[in-house]
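Below is one structure; the comments refer to it alone.
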Amino acid sequence: MGRAWAMVRLGAANALVFRANVVVSMLSVALQTVLLVTVWRAVYSGRHSVAGVTGDRAVSYAVLGLVLGHLALPWRLSSLPERVREGTVATDIIRPVGVVGQSLLQSIGAAVGALPGVATALLLGALLGGLTMPATVSAAFGFMLTAALGWLIATLLNLMVSMVAFWTTDTRGPFYVYRAVASFASGALVPLWFMPDWLRPTLEALPFALQVFAPLQLWFSEQPLGGVGGVVLAQVGWLVVAALLTALVSWRALRTVVINGG
């Protein structure tokens, strides 16, 4: 337990240790919040709804989607590529928690480090009138539960992609491709409500929609996949798949690892 808590604290410390980075992150999130509210209100100027979605709902979705994206789709995959590059992963391999466990625990700490940005987006969104509260307590509970599970799916996928560092020292290419796909398919950039009929079913079948779009549907009292139970069941299924794939990739990676610096 002590080692696990230490990994969480390390992840949070890495995210918060440089105050300038924290301030820049908060300013960036604040700017994105203002721009999203402004742009979506401009889109709805002179009209009540688009594709059956009201302007207030679209603006609120944009702010909340930014929050979930800030938590689940970080600008860096994990600390693993850096540890491989520096050779410190050699020590990580022999620790009781293991490389995968350490990375997951540090990701929890990194999520804690992202909370200042989350608070900034929520506060500014509320001040700009860009937040619509859940209609019921059950809707709020369903959102929180599925958002947490969606974050875990995203974290496992992020970790799996970051393991490309065991085969190549430059992970930027795979990361940029992954982030672009994840941001689009999750609905973090554009709600899946507005996707073409031929594309939306495919996007909803992928795990990315369960990270952002499905939890936000519950926030707005929609019933994706039959409601909270259906979303949770789908998320658990994808968690099992992601865990198995991560285990397989890590097994292959650790069999072929070449550590720089030692």
Spacing of Q211 atom CD and L152 atom CG [to the nearest 0.5 Å]: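 One finds 10.0 Å between CD of Q211 and CG of L152.
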Testing the basics here: between [X] and [Y], what is the closest heavy-atom pair and its distance to 0.1 Å?
X	Y	value
V190	M195	O-CE, 3.8 Å
G125	T33	N-CG2, 3.9 Å
F220	T132	CE2-CB, 4.4 Å
L71	A114	CD2-CB, 4.0 Å
L156	A243	CD1-N, 4.1 Å
V29	A121	CG1-CB, 3.5 Å

Counting distance only, does the side-chain N/O of [X] pair as donor-acceptor with the main-chain N or O of [Y] below 3.5 Å?
X	Y	answer
S45	A42	no
Y61	G187	yes
S186	A182	yes
T120	P116	yes

Non-hydrogen side-chain atoms of [X] and [Y] separated by less than 4.5 Å:
X	Y	result
S25	H70	yes
L31	L27	no
V161	R179	no
L216	F143	yes
L192	L199	no
F213	L68	no
L122	V67	yes
V53	F194	yes

Kindly work out whether a path of hydrophobic side-chain contacts (I/L/V/M/F/W/Y, heavy atoms less than 4.5 Å apart) joins [X] to [Y].
X	Y	result
V231	M144	yes
L123	L128	no
L127	V37	no
V181	M163	yes
L218	F141	yes

From CA spacing to verdict: side chain to side chain contact (heavy atoms under 4.5 Å, CB included), L157, F208: CA-CA 10 Å; L157 294 177; F208 306 110; 4.0 Å; yes
Tabulate below the donor-acceptor pairs under 3.5 Å that side-chain atoms of residues 133-140 make, not counting sequence neighbours, or state none.
{"from": "T136", "atom 1": "OG1", "to": "S138", "atom 2": "OG", "distance (Å)": "3.0"}
{"from": "T136", "atom 1": "OG1", "to": "A139", "atom 2": "N", "distance (Å)": "3.1"}

Please report, to 0.1 Å, the donor-acceptor pairs under 3.5 Å made by any side chain of residues 233-242, with sequence neighbours excluded.
{"from": "Q235", "atom 1": "NE2", "to": "T146", "atom 2": "O", "distance (Å)": "2.8"}
{"from": "Q235", "atom 1": "NE2", "to": "L210", "atom 2": "O", "distance (Å)": "2.9"}

Audit row: L64, L131, side chain to side chain contact (heavy atoms under 4.5 Å, CB included) steps and yes/no: CA-CA 8 Å; L64 292 169; L131 278 182; 3.9 Å; yes
Step-by-step side chain to side chain contact (heavy atoms under 4.5 Å, CB included) determination, F175 to V164: CA-CA 9 Å; F175 170 58; V164 72; over 6 Å; no
Worked verdict on D56 versus Y44 for side-chain hydrogen bond (donor to acceptor under 3.5 Å, both in side chains): CA-CA 9 Å; D56 289 342; Y44 275 85; over 6 Å; no
Partner residues of W193 under the side-chain hydrogen bond (donor to acceptor under 3.5 Å, both in side chains) criterion, sequence neighbours left out: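 Partners of W193 by the side-chain hydrogen bond (donor to acceptor under 3.5 Å, both in side chains) criterion, ordered by chain and then number, come out as E222.
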